[in-house]
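Structure first, commentary second.
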Amino acid sequence: MSAILRVAGWAALIIGLVWSVVNFIFVGWIALLFWLIVTFFLTVLLFGLVEVLERLEDQELKLLALRDSLEKLMKQDGLLAEGPQQCRRCGTQLPPGGKTCPTCHYVNE
């Protein structure tokens with residue numbers, strides 16, 4: 001999703017700049033300023049969404065690593081039963097004795 005938004009951001013920037021120049025040639029300065037402002041806001045919005053999605057993905061990975069570490073510690077102390085019953089990533093019920101999620105294919109250890 002981030003890659004699509006990044007490409008859309010660059011496309012919006014390039015198309016917006018070209019459109020601004022075309023409008024400047026045929027309409028004038030006001031059209032140029034208007035379309036430059038619209039292009040700027042759209043591009044900033046799209047690249048901002050890319051940044052937010054990347055940070056959310058990083059947080060998800062950190063939380064999964066933290067969960068794994070906590071479960072290992074709990075297993076060492078005997079506080080957690082062996083073998084996961086649900087997928088750690090999506091929560092889908094795992095098959096008996098299975099570690100790989102049938103839905104998201106995450107390997108639960």
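Given the structure is predicted, the values throughout are model-derived calculations rather than measurements.
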State plainly whether one hydrophobic cluster holds both Trp19 and Leu13, where clusters connect Ile, Leu, Val, Met, Phe, Trp and Tyr through side-chain heavy atoms under 4.5 angstrom apart. no
Please report the interatomic distance CG(Asn108) to CD(Gln85), rounded to the nearest 0.5 Å. 10.5 Å
Should we say atom CG of Leu61 is surrounded by more than 12 heavy atoms from elsewhere, each under 6.0 Å from it? yes
Taking it one step at a time, do Thr103 and Cys87 satisfy side-chain contact (heavy atoms from CB on, under 4.5 Å)? CA-CA 9 Å; Thr103 304; Cys87 177; over 6 Å; no
Could you state the interatomic distance from CD1 (Ile4) to CG (Leu49), rounded to the nearest 0.5 Å? 13.0 Å
Indicate yes or no: at least one non-hydrogen side-chain atom of Leu64 is less than 4.5 angstrom from one of Arg89. yes
Indicate yes or no: at least one non-hydrogen side-chain atom of Thr92 is less than 4.5 angstrom from one of Cys104. no
Is there a path of hydrophobic side-chain contacts, each under 4.5 Å between heavy atoms, that joins Trp10 and Val7? no
Same apolar cluster: Leu36 and Leu46, side chain cutoff 4.5 Å: no
I want to check something: taking the side chain as every heavy atom from C-beta on, are Val38 and Ser20 in contact at a cut-off of under 4.5 Å? no
Got a second to check how far Arg55's CZ is from Ser2's OG, nearest 0.5 Å? 12.5 Å
Hydrophobic clustering (ILVMFWY, side-chain heavy atoms < 4.5 Å, transitive) - are Ile37 and Phe40 grouped together? yes
If the test is side-chain contact (heavy atoms from CB on, under 4.5 Å), which one of Trp29, Phe34, Trp35 qualifies with Leu32? Trp29
Under 4.0 Å between a side-chain nitrogen and a carboxylate oxygen: does that hold for Glu54 and Arg6? yes
Calculate, to the nearest 0.5 Å, the distance between atoms CD and SG belonging to Gln86 and Cys101 respectively. 10.0 Å
